[in-house]
Amino acid sequence: MKKVYISFLLLLFVSLAHAQQQRDRVGVDMQLQPYKVSERLLPFNRGADFAGYRTKTFRRDIRSWFSFGSINIENEILKIDGIPLYKKDKHRSVDIFSFSLVADSGVVAKTECRAIFRKNETFSLFRPKDSSFFKIKNVDFLQARIMVDADTSNIWYMAAANLNGSENDEQSGIIRCGEKEIRFAKATRMLRDEPVGRDKVSSLFTSLNIVYEFTYKDEVIGAVSFKQSGRKFWCKDDLDATLKKVMASVSTVLCLRNDLFY
Amino acid sequence: MKYIPVIIVAAIGIVSCKTTSINVAVPDQFASKATQMKVSGLNGWQFKPQINFGNYQTSKVKTGWIVSSGGNDRNSGITNEERLLKVFNMSHDNITTNSKNKFQYSIQDGNLMADIYCLEKASKEEVTTKTPLGEFSKTKNFQYSFSAAILPQTVKDEQWQLVFYNSYDRSKDTARGWFDQPNVEHEGYATNGKQLIDIRPIITDRVVGKDGKESKTLVKILMAYELKIGDGVIGVIDVFNKNVWIYNDLDNNMKLVVASISSAILLRKLELSHT
């Protein structure tokens with residue numbers, strides 16, 4: 001009784017919000033087969049290995065090693081509460097790299113990628129940040145060129161925006177070759193945890209993952225983990241070979257690119 | 001850190017609720033047509049727990065260790081600011097912690113039996129700042145998922161798949177005040193491909209006291225889970241006082257499925273919080 005009274009007194013000084021709202025159900029997709037992604041993320045030895053594909057000759061441009069901008073210690077310390085006390089934040093980074101994707105049959109795709117991140121923000125404690133106020137927009141853009149099976153007449157071009165999460169917009173991208181178009185976007189999905197196997201009960205398990213989900217003609221064809229820890233790649237087994245190679249190349253870009261901002 | 005006052009108040013509220021013996025307010029319309037069963041075998045830590053409620057009994061639960069791993073979740077080089085801060089013994093890291101728990105058991109009511117295989121996974125991403133004055137962290141997002149396969153032993157029955165998850169994303173959270181409850185997504189269901197049982201968490205402040213009077217608690221807490229087929233409630237799992245209600249007008253096979261779902265949810269170990 002005493003405890004009820006004490007907690008009642010405490011609650012006189014407290015106001016509580018209402019309970020959570022109704023939300024849409026997270027999608028469950030059991031058609032996609034999972035593959036573990038093994039990554040090497042050392043400064044001079046970067047690569048990935050998954051679903052029968054592995055990277056080869058990964059090269060990063062020397063310009064990717066440097067970033068330019070004003071040094072603001074307050075940016076690091078005061079970030080935790082989301083309260084910007086610093087006056088100016090100017091930052092510029094690039095990430096330029098290329099690699100080959102190899103399977104048992106040999107080189108299946110060659111990819112060249114360039115990512116640009118430019119940030120020019122003026123912050124004040126009493127108003128929200130808005131780089132568009134002075135008509136200066138942040139740039140968070142990635143583009144890539146994927147050549148599949150050494151076919152120079154059919155090159156896939158990739159464009160993605162906000163992959164570093166610098167804005168509150170969707171993190172998404174598009175890969176196009178002629179009429180064919182694959183789209184991807186950051187999403188939360190329940191996906192199979194282990195590959196389907198005979199008499200394997202564990203293949204019925206699913207888990208919640210933040211992924212980049214790939215869609216082709218409004219149909220989900222694959223996904224790759226957004227987080228680095230415990231990374232997986234999911235793919236439909238009966239997918240067209242070219243689409244699979246393109247999706248594997250794009251997934252490698254998303255795994256091995258540098259986070260220029262978080 | 002921001003939610004420490006809420007946790008303290010919620011903990012005080014929960015303790016005070018438990019000491020004053022309150023129960024989840026199960027609607028009379030359902031309670032009169034259902035059987036309430038007290039769950040025993042969940043108190044204290046046990047190496048291989050075994051629970052029973054009503055005429056349902058589980059085997060000893062085969063469980064492994066809770067496997068946890070964590071690491072830096074940022075794929076980039078060190079910035080100039082970070083280099084300078086390290087001189088003063090300060091750092092700012094993006095850490096992801098993953099936990100996994102697997103367990104399996106069987107449940108029987110004397111006539112029918114089902115094998116149950118379960119997997120729990122939890123992942124939390126935090127921004128951790130270390131300074132000479134202490135360590136501060138803020139959760140960016142967390143995902144908890146519980147997946148189970150229920151295999152009734154009778155030949156004609158199909159397997160059931162149970163899916164249950166919680167998800168929190170700070171960038172989508174609209175709670176801003178110190179004592180605002182964060183927006184956490186809850187969802188769950190079980191299906192055999194033909195039928196779908198919805199599992200809805202009941203987070204409420206309405207409870208029934210020892211004297212049968214309905215009252216309000218100080219904070220909203222997770223009291224129970226409700227199992228529904230369509231609009232009809234077929235079961236209630238009281239996780240607060242460890243009771244299970246099963247609707248009487250179900251066939252024995254469906255009752256076994258409801259009992260399997262109830263036992264699986266009660267035997268979970270990972271209860272990851274967004275804080």
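First the proteins, then the strands, lettered A, B, ... as listed; each starts at 1. A quick note: this is a predicted structure, and the numbers were derived from the prediction, not measured.
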Quiz item: How about B:Q161 and A:T206: do any of their side-chain heavy atoms sit closer than 4.5 Å?
Solution: yes
Quiz item: Considering all heavy atoms of both residues, which atom of A:L208 and which atom of B:N166 are nearest to each other, and what is their separation?
Solution: CD2-O, 3.6 Å
Quiz item: How far does OG of B:S145 sit from CG of A:L191, to the nearest 0.5 angstrom?
Solution: 10.5 Å
Quiz item: Roughly how far, to the nearest 0.5 Å, is the NZ atom of B:K100 from the OG atom of A:S207?
Solution: 9.0 Å
Self-check item: Gap separating the OG1 atom of B:T96 from the CZ atom of A:F226, nearest 0.5 angstrom
Solution: 9.5 Å
Self-check item: Distance-only donor-acceptor check, side chains B:K121 and A:N209, under 3.5 Å
Solution: no
Quiz item: B:L162 versus chain A, heavy atoms under 4.5 Å apart: side chain, backbone, both or neither?
Solution: neither
Practice problem: Answer yes or no: is there an ion pair linking B:K102 with A:E194, defined by an N-O contact shorter than 4.0 Å? | Solution: yes
Exercise. Would you indicate whether the side-chain heavy atoms of A:M190 and B:Q143 approach each other to under 4.5 Å?
Key: no
Exercise. Inspect the surroundings of CD1 in A:I62 and state if more than 12 heavy atoms from other residues, nucleotides or ligands are less than 6.0 Å away.
Key: no
Quiz prompt | Spacing of B:D169 atom CG and A:I210 atom CD1 [to the nearest 0.5 Å] | solution = 6.0 Å
Quiz item: Looking only at heavy atoms, what is the nearest atom pair of A:F205 and B:A148, with distance?
Solution: CE2-CA, 4.1 Å
